[in-house]
Amino acid sequence: MQPRIPRQQGGELPEQGAPRPDADAGLTPELAAVVAGARRRAVRDGDRQIDTAHLLHSLLDHDPEARAALGEGPRTARLLGYLVQRSIGYGLRWQGAVEDSGGVPVVAGAAGFSPLAAGCMERARERAVRGATGPASGTDLLAAIVADPQSRAVEVLGRAGIDPRELLVRFEEPSSR
């Protein structure tokens with residue numbers, strides 16, 4: 001049986017269109033590690049694309065600031081539980097479907113990302129530019145993810161009892177940058 005995401009050298013997802021040597025441009029080293037972790041998770045899980053739930057799971061694993069933004073306690077533990085269940089094939093399942101709310105344009109050249117996740121990556125970069133904080137960080141990506149109510153990550157957050165709208169309001173405050 002052939003995997004749905006062919007492995008390439010270094011475990012990278014296949015490129016669609018021209019190679020993008022600047023794929024990690026505009027990201028902090030921590031966020032680049034988050035993206036690499038999400039990519040590995042998608043390949044390991046047998047998913048066709050990196051979606052927002054992969055990104056959220058990787059943010060929890062790799063970015064202390066994003067994890068702190070979600071808070072401590074049972075809701076965050078429940079969130080991680082849902083994400084782990086999904087990665088081992090239980091619980092919430094979306095394999096075989098492309099994540100696309102229709103609320104964001106498809107970003108060409110962002111190989112391996114679902115259309116919605118690619119849009120979130122672009123919005124994270126734009127948020128960092130607007131805030132003049134340098135490269136996009138994990139909290140920039142988390143803010144971009146919770147901004148689309150149709151994302152898989154928002155569904156998982158809601159099931160874990162974390163209100164994505166409350167997070168979004170917190171990220172909109174000037175002190176969140």
Side-chain angles (χ1 to χ4, degrees), residues 12-13 15-43 47-71 76 79-80 83 86 94 98-158 160 162-177:
E12 298 296 317
L13 291 176
E15 294 287 343
Q16 297 170 353
R20 290 192 59 199
D22 65 337
D24 290 341
L27 305 179
T28 61
E30 295 82 9
L31 189 53
V34 166
V35 171
R39 181 174 287 119
R40 284 190 302 274
R41 189 172 305 285
V43 170
D47 292 329
R48 294 186 304 171
Q49 294 179 319
I50 299 168
D51 64 24
T52 58
H54 292 120
L55 290 170
L56 177 62
H57 197 165
S58 195
L59 277 168
L60 287 172
D61 286 347
H62 297 287
D63 192 294
E65 286 184 27
R67 193 169 42 251
L70 292 171
T76 303
L79 170 62
L80 191 55
L83 292 166
R86 178 196 182 214
W94 300 284
V98 173
E99 178 185 50
D100 182 13
S101 69
V104 295
V106 174
V107 177
F113 288 97
S114 71
L116 201 140
C120 287
M121 292 300 298
E122 192 59 36
R123 284 194 309 276
R125 286 183 181 99
E126 291 168 0
R127 185 175 191 268
V129 168
R130 276 193 318 275
T133 58
S137 68
T139 54
D140 291 319
L141 179 57
L142 185 56
I145 287 171
V146 300
D148 191 319
Q150 299 300 313
S151 76
R152 292 178 181 163
V154 166
E155 180 182 346
V156 176
L157 285 164
I162 298 171
D163 185 356
R165 294 175 307 232
E166 181 182 302
L167 283 173
L168 188 58
V169 167
R170 216 177 322 150
F171 286 127
E172 298 300 321
E173 296 171 0
S175 64
S176 72
R177 301 282 317 166

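- The side chain to side chain contact (heavy atoms under 4.5 Å, CB included) test with F113 is passed by exactly one of E122, M121, Q49: M121.
- Note that the CZ atom of R170 and the CG atom of L142 stand 9.0 Å from one another [nearest 0.5 Å].
- With a 4.5 Å cut-off on side-chain heavy atoms, D148 and V154 do not count as touching.
- Of all non-hydrogen atoms in A143 and L168, the two that sit nearest each other are O-CD1, 3.9 Å.
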List the steps, then state whether side chain to side chain contact (heavy atoms under 4.5 Å, CB included) holds for L70 with L59. CA-CA 11 Å; L70 292 171; L59 277 168; over 6 Å; no

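- When each of I145, V146, D51 is tested with C120 by the rule side chain to side chain contact (heavy atoms under 4.5 Å, CB included), just one qualifies, namely I145.
- R127 pairs with exactly one of R130, R125, R123 by the side chain to side chain contact (heavy atoms under 4.5 Å, CB included) rule, that one being R130.
- In summary, the side chains of S58 and D61 do not present any donor paired with an acceptor at a separation below 3.5 Å, with no hydrogens or angles considered.
- T28 is not listed as a side-chain neighbour of D63, based on a closest heavy-atom distance of 4.5 Å or more.
- The shortest distance between side-chain heavy atoms of I50 and L55 falls below 4.5 Å.
- Heavy-atom contacts from other residues, nucleotides or ligands closer than 6.0 Å to CD of E65 number 12 or fewer.
- In terms of heavy atoms, A136 sits closest to A124 at CB-O, 3.6 Å.
- Between V34 and L27, every side-chain heavy-atom pair lies at or beyond the 4.5 Å cut-off.
- Within the 3.5 Å criterion, the main-chain N or O of A53 finds no donor-acceptor partner in the side chain of R41.
- Across all their heavy atoms, S137 and D140 have their closest contact at N-OD2, 2.9 Å.
- Side chains of T52 and L56 form no contact here, defined as non-hydrogen atoms less than 4.5 Å apart.
- Here the CG atom belonging to L80 is positioned 9.5 Å from the CZ atom belonging to R67, to the nearest 0.5 angstrom.
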